[in-house]
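Encoded as structure tokens, the structure appears first; notes follow it.
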Amino acid sequence: MSAEAVRGQGVPVGGVGATSSPEAVRGQGEPVRGVSVGDRVEARAPGKVNLYLGCGGRLPDGYHLLDTVFLAVDLEERGSATLLGTEPVWIGSEPGPAGAAAGAVGALPNWLEVSFAGQGSEQLAVDATNLVVRAAVALATHLGYALPTRIEVEKRVPIAAGMAGGSADAALTLRALNELWAAGLDLDQLTALGRRLGADVPFGLVGGLAHAGARGDEPVAMAALPGAPQLHLAFFASPLGLSTPAVFGEFDRANEFDRASEFDRASEFDRANESDRASEATGVDDAADAAAPRVAPAALLEAARAGDAAALAGLIANDLQAPALRLRPELERTIAAAHEAGALRAFVSGSGPTIAALCSSREHAEQVAAAVTAALGEDELGYPLRAVVASGPVPGASATSTGPGAGTDVPGGASVALTAGGVPGARTRIDEEN
Ligand SMILES: C[C@@](CO)(OP(=O)(O)O)[C@H](O)COP(=O)(O)OP(=O)(O)OC[C@H]1O[C@@H](n2ccc(N)nc2=O)[C@H](O)[C@@H]1O
Ligand SMILES: Nc1ncnc2c1ncn2[C@@H]1O[C@H](COP(=O)(O)OP(=O)(O)O)[C@@H](O)[C@H]1O
């Protein structure tokens with residue numbers, strides 16, 4: 001179903017009480033209570049780095065079994081959502097495939113305005129493929145209603161960089177609209193919605209330090225926040241994004257050769273056991289014929305929990321690093337320069353092309369960032385190499401109501417406006433943080 005179809009204003013679905021669960025209230029025909037035009041929510045969501053990424057075989061849906069340790073860092077996406085009207089737009093809740101319900105193609109729904117600011121945001125398509133739009137439509141489809149809303153996002157996490165900036169945008173949108181629309185979904189419900197938008201979105205909601213199996217979309221928190229020991233990294237962005245499917249594809253290409261010879265050697269019995277082990281290890285039912293990933297060693301989990309950067313340095317592993325570097329060999333220079341500058345360990349962040357350099361302190365990370373940018377000077381396009389220092393774990397996406405009519409236009413960036421504005425009104429205050 002396209003976003004156009006999601007409008008569904010003719011569908012007679014009921015309204016929502018401010019504190020009731022959506023399931024309980026759909027079909028009652030009541031207005032949304034406790035909301036006013038001009039209500040505004042500010043939200044944030046973290047970027048991430050994978051301290052461990054074991055990649056297994058490919059599932060029938062094209063996704064890979066993963067075993068990964070995520071660290072949420074304080075390089076964060078920020079945004080706001082402002083209520084433009086209190087008249088609900090009823091959304092058809094006909095079931096369909098997750099991607100279709102989220103609106104894969106087409107224009108924005110008529111109740112949504114979205115704009116971006118920040119580095120690289122002008123290159124983002126603000127249409128129904130954008131993760132902010134998909135998240136808003138997914139929530140509205142789940143609830144059965146939407147309220148006219150403007151969402152403004154300030155992009156700080158580099159785009160297509162292996163740091164899950166788009167997933168963070170989806171996570172902050174879910175959090176922000178859950179607050180603004182008084183929807184009352186809990187973290188589990190938001191995570192279930194997020195999983196349908198992208199494998200990294202659940203972690204954007206959970207945040208902190210987390211260990212995930214399956215498709216990387218079932219993160220389990222490893223440390224209590226706040227108060228968890230911090231890890232510090234310098235990140236070196238690339239002006240050229242790297243496609244996540246391309247990196248997984250390159251992983252498959254190389255592994256198919258290895259696995260073909262393994263398969264020649266393995267007996268039928270061993271192969272059947274391997275796929276049973278994959279299903280058992282990952283909890284994914286359709287893991288048949290997909291090899292289980294290598295699992296993060298206990299010592300790595302312990303070092304990450306303890307914030308022991310020195311111990312962690314030798315344990316960090318990323319099965320997507322070799323394929324990412326085969327696609328972008330020039331990134332080896334950044335890794336070498338970071339090691340030369342004294343980083344404890346430099347590695348590809350997720351599917352790349354960002355290079356992460358683990359350091360012993362924030363100051364050390366600043367020094368490494370400065371030394372690498374001085375040594376390399378330019379990025380692949382001849383611009384000054386962009387480095388940023390970040391620390392974590394930090395919490396997952398959160399949203400805070402900030403009062404009526406406090407919305408301000410984000411200057412610059414791409415923008416699409418498809419609904420009428422409203423006048424500021426009174427506001428209730430709801431804070432939420434996980
Ligand atoms: C590799 C990781 C590591 O955390 O992130 P990045 O480093 O790109 O941020 C994730 O697995 C990416 O998560 P995300 O970017 O949300 O992926 P999605 O949008 O769901 O999927 C994009 C594509 O990546 C591939 N994909 C993703 C996840 C997975 N477990 N197996 C895959 O093969 C599929 O080709 C899929 O079509
Ligand atoms: N709001 C968004 N921000 C960034 N990328 C987005 C967004 N919406 C859709 N995308 C698309 O998602 C892809 C992955 O983006 P991103 O999350 O930044 O990188 P990665 O998956 O490497 O961590 C990009 O190709 C981009 O075009």
Side-chain angles (χ1 to χ4, degrees), residues 45-72 75 77 79 98-99 102-104 114-136 151-173 194-204 210 212-219 235 237-238 240-252 282 284 287 290 293 318-321 323-324 347-354 356 413-414:
K48 63 84 186 162
V49 61
N50 305 76
L51 298 175
Y52 182 88
L53 205 171
C55 186
R58 195 145 60 115
L59 296 165
D61 64 4
Y63 275 72
H64 290 70
L65 291 172
L66 300 182
D67 190 89
T68 187
V69 175
F70 286 108
L71 177 74
L75 178 58
E77 299 285 88
V114 177
S115 65
F116 285 92
Q119 189 133 12
S121 59
E122 62 288 343
Q123 61 183 266
L124 271 181
V126 188
D127 60 17
T129 64
N130 193 289
L131 280 156
V132 168
V133 179
R134 292 182 59 209
I151 300 174
E152 295 160 314
V153 175
E154 186 196 344
K155 285 210 70 77
R156 299 149 65 93
V157 178
I159 295 168
M163 295 191 71
S167 305
D169 294 344
L172 78 79
T173 298
R195 185 169 294 126
R196 298 161 66 172
L197 302 170
D200 279 342
V201 179
F203 178 68
R215 294 166 178 83
D217 58 349
E218 293 180 7
F235 289 94
S238 165
L240 307 170
L242 185 52
S243 149
T244 301
V247 176
F248 276 107
E250 176 60 21
F251 173 85
D252 288 341
T282 61
V284 173
N318 178 1
D319 283 346
L320 295 183
Q321 172 154 324
F347 56 103
V348 170
S349 178
S351 63
T354 299

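Every number for a ligand or one of its atoms is a count from 1 in the order of the listing.
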Subject >> Nearest option to atom 14 (C) of ligand 2, as decided by whichever heavy atom of A160, G118, A125, A135 sits closest >> reply: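 Minimum heavy-atom distance to atom 14 (C) of ligand 2 goes to A160.
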
**OP:** Run down the list G166, G204, A199 and name the one with the heavy atom closest to atom 17 (O) of ligand 2.
**Re:**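 Heavy atom nearest to atom 17 (O) of ligand 2 belongs to G166.
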
Original post:
Do the rings of F251 and H64 sit parallel, tilted or perpendicular, given the 30° and 60° boundaries?
Top reply: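 If you compare the ring of F251 with that of H64, the planes turn out perpendicular.
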
Protein residue, atom and distance nearest to [atom], heavy-atom basis:
atom                    : result
atom 11 (O) of ligand 1 : L66 CD1, 3.5 Å
atom 6 (C) of ligand 2  : L124 CD2, 3.8 Å
atom 16 (O) of ligand 1 : D200 N, 2.9 Å
atom 19 (O) of ligand 1 : G198 CA, 4.1 Å
atom 21 (O) of ligand 1 : Y63 OH, 3.2 Å
atom 25 (C) of ligand 1 : F248 CD1, 3.4 Å

Original post:
Run the side-chain contact (heavy atoms from CB on, under 4.5 Å) check on V133 and D127 step by step: do they pass?
Top reply: CA-CA 7 Å; V133 179; D127 60 17; over 6 Å; no

Quick check on contacts: which atoms of ligand 2 are under 4.0 angstrom from a heavy atom of [X]?
X    : result
F116 : 1 (N)
S167 : 17 (O)
G165 : 17 (O), 18 (O)

Original post:
Could an N or O of ligand 1 be found under 3.5 Å from any N or O of F70, whether backbone or side chain?
Top reply: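 No: no nitrogen or oxygen of F70 is under 3.5 Å from one in ligand 1.
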
Original post:
Are any of the N or O atoms of S349 closer than 3.5 Å to those of ligand 1?
Top reply: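 Such a contact does not occur with ligand 1.
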
